[in-house]
K.L.:
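Input: one structure, supplied below.
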Amino acid sequence: MAGPLDDARVEILGPHHDRSLFASGAEPLDRYFRTQAGQEARKNIAAPFVLILADGSIGGYYTLSATSVKLTELPANVARRLPRYPLVPAVLLGRLAVDRKHQGKGYGRFLLADALGRAVRSEIASFAVVVDAKDEAARRFYERESFLSFPDQPMKLFRPMADISPLFK
Ligand SMILES: CC(C)(COP(=O)(O)OP(=O)(O)OC[C@H]1O[C@@H](n2cnc3c(N)ncnc32)[C@H](O)[C@@H]1OP(=O)(O)O)[C@@H](O)C(=O)NCCC(=O)NCCS
């Protein structure tokens, strides 16, 4: 049976995408997408990706950037297995949002899987994918997707690349 995800695809944000109608219900995420995402892409600060639905509309978006994590921020059992550098490299999933009309249909998980796939396929090493959850609901969403909270920052979560890579083998 054909599902809503069958005709959806992910593209790099370009000038031809109409962002004006996108509304996830999270105002900062909507404003960022409408007013800042294009600039940040041009300045190489963030790479925005958009979900294009069967009717051509934008169903969601996410951004990826390089970041780093302090070794001392990580749980002791994770830090112990890493070299003693002050910082370790990671991929930041800075923003993720699905249009309100299409929430709860699996697109959030689909976009997250797409983002993890891009992080894994990158030739630049990173130890984990890191996310900042904007509220409790977002934190639960990421926890369901096997992200772990940083011990002293419950709204910041990570998933080690060692856990992600096997999913794409
Ligand atoms: C959070 C968000 C990206 C999830 O996207 P979505 O398309 O609605 O989620 P999906 O349909 O793919 O759901 C995936 C799983 O997460 C769960 N989930 C979805 N939204 C959730 C929420 N707000 N709280 C807790 N769990 C949630 C779903 O129940 C589903 O799990 P299940 O299959 O075991 O039932 C979307 O609701 C959104 O854009 N919200 C506003 C912005 C936001 O909060 N962004 C988070 C980044 S800070």
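As the structure lists them, so they are numbered: ligands from 1, and atoms in each ligand from 1. Just so you know, these numbers come straight off a predicted model, no measurement behind them.
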K.L.:
Quick check on contacts: which atoms of ligand 1 are under 4.0 angstrom from a heavy atom of Ala97?
P.N.:
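Those atoms are 39 (O).
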K.L.:
Would you mind listing which atoms of ligand 1 come within a distance below 4.0 Å of any non-hydrogen atom of Lys105?
P.N.:
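In order of number, 11 (O).
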K.L.:
Working to the nearest 0.5 Å, report the span between OG of Ser126 and CE of Met161.
P.N.:
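Going from the OG atom of Ser126 to the CE atom of Met161 covers 3.0 Å.
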K.L.:
Decide yes or no on ring pair (Phe, Tyr, Trp, His ring centres under 6.0 Å) for Phe158 and Phe147, but give the supporting numbers first.
P.N.:
CA-CA 5 Å; Phe158 73 100; Phe147 279 74; 8.3 Å; no
K.L.:
Just heavy atoms, cut-off under 4.0 Å: does Arg95 contact ligand 1 by side chain, backbone, both, or neither?
P.N.:
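The answer is neither; Arg95 stays 4.0 Å or more away.
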K.L.:
Going by the atom numbers of ligand 1, which of them fall below 4.0 Å from some non-hydrogen atom of Asp132?
P.N.:
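Contacts of ligand 1 toward Asp132, numbered from 1: 48 (S).
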K.L.:
Heavy-atom distances under 4.0 Å decide this one: backbone, side chain, both or neither, for Asp135 against ligand 1?
P.N.:
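Looking at Asp135 and ligand 1, no heavy atom falls under 4.0 Å.
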K.L.:
Enumerate the atoms of ligand 1 whose separation from the nearest heavy atom of Leu29 is less than 4.0 angstrom.
P.N.:
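Contacts of ligand 1 toward Leu29, numbered from 1: 42 (C), 43 (C), 45 (N).
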K.L.:
From Arg121 CZ over to Phe168 CZ, what is the distance, rounded to the nearest 0.5 angstrom?
P.N.:
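Result: 7.0 Å between the selected atoms.
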K.L.:
Closer than 4.0 Å to some heavy atom of Arg109 - which atoms of ligand 1 meet that?
P.N.:
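In order of number, 12 (O), 15 (C), 30 (C), 31 (O), 32 (P), 33 (O), 34 (O).
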K.L.:
For atom 18 (N) of ligand 1, what's the nearest protein heavy-atom neighbour? Residue, atom name and distance, please.
P.N.:
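Protein heavy atom with the smallest distance to atom 18 (N) of ligand 1: Phe141 CD1, 3.9 Å.
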K.L.:
Any carboxylate oxygen within less than 4.0 angstrom of a Lys/Arg side-chain nitrogen, looking at Arg42 and Glu40?
P.N.:
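Answer for the salt bridge query: no.
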K.L.:
Give the contacting part of Ala137 toward ligand 1: side chain, backbone, both or neither, where contact means a heavy-atom distance below 4.0 Å.
P.N.:
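The part of Ala137 near ligand 1 is both the backbone and the side chain.
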K.L.:
Does the protein place a non-hydrogen atom closer than 4.0 angstrom to atom 2 (C) of ligand 1?
P.N.:
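When distances to the protein are checked, atom 2 (C) of ligand 1 has no heavy atom within 4.0 Å.
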K.L.:
Write out all pairs satisfying salt bridge (Lys or Arg N to Asp or Glu O under 4.0 Å) with one or both partners inside residues 142-155, taking only residues at least two apart or from two chains.
P.N.:
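Of all non-adjacent pairs touching residues 142-155, those that pass salt bridge (Lys or Arg N to Asp or Glu O under 4.0 Å) are Arg109-Glu145, Arg139-Glu143.
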K.L.:
Linking directly or through intermediates, with side-chain heavy atoms under 4.5 Å: list the remaining ILVMFWY members grouped with Leu13, chain and number order.
P.N.:
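Direct or chained contacts put Leu13 with Phe22, Leu29, Tyr32, Phe33, Val50, Ile52, Ile58, Tyr61.
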K.L.:
Taking the side chain from Thr35 and the backbone from Arg31, do they hold a donor-acceptor pair closer than 3.5 Å?
P.N.:
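Judged by distance alone, yes, a pair lies under 3.5 Å.
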K.L.:
Short list, please: which atoms of ligand 1 are under 4.0 Å from a heavy atom of Lys134?
P.N.:
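The list of qualifying atoms is 42 (C), 43 (C), 44 (O), 48 (S).
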K.L.:
Are Leu112 and Leu64 in one and the same hydrophobic cluster, where Ile, Leu, Val, Met, Phe, Trp and Tyr link if side-chain heavy atoms are under 4.5 Å apart?
P.N.:
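Yes; tracing contacts between hydrophobic side chains, which count when under 4.5 Å, links both residues.
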K.L.:
Minimum distance, heavy atoms only, to atom 8 (O) of ligand 1: which one of Ala23, Ser24, Gly104, Gly106 is it?
P.N.:
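Comparing heavy atoms across Ala23, Ser24, Gly104, Gly106, the nearest one to atom 8 (O) of ligand 1 lies in Gly104.
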K.L.:
Can you find an N or O of Arg144 that's nearer than 3.5 Å to an N or O of ligand 1?
P.N.:
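Between Arg144 and ligand 1, an N or O pair is found under 3.5 Å apart.
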K.L.:
So is there a nitrogen or oxygen of Ala138 less than 3.5 Å from a nitrogen or oxygen in ligand 1?
P.N.:
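Ala138 vs ligand 1: no N/O contact under 3.5 Å.
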K.L.:
Looking just at side-chain N and O atoms, do Tyr62 and Asp114 make a donor-acceptor pair shorter than 3.5 Å?
P.N.:
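Result is yes, a qualifying pair exists.
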K.L.:
For ligand 1, indicate whether the residue Tyr142 contacts it via side chain, backbone, both or neither (heavy-atom separation under 4.0 Å).
P.N.:
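The answer is the side chain of Tyr142.
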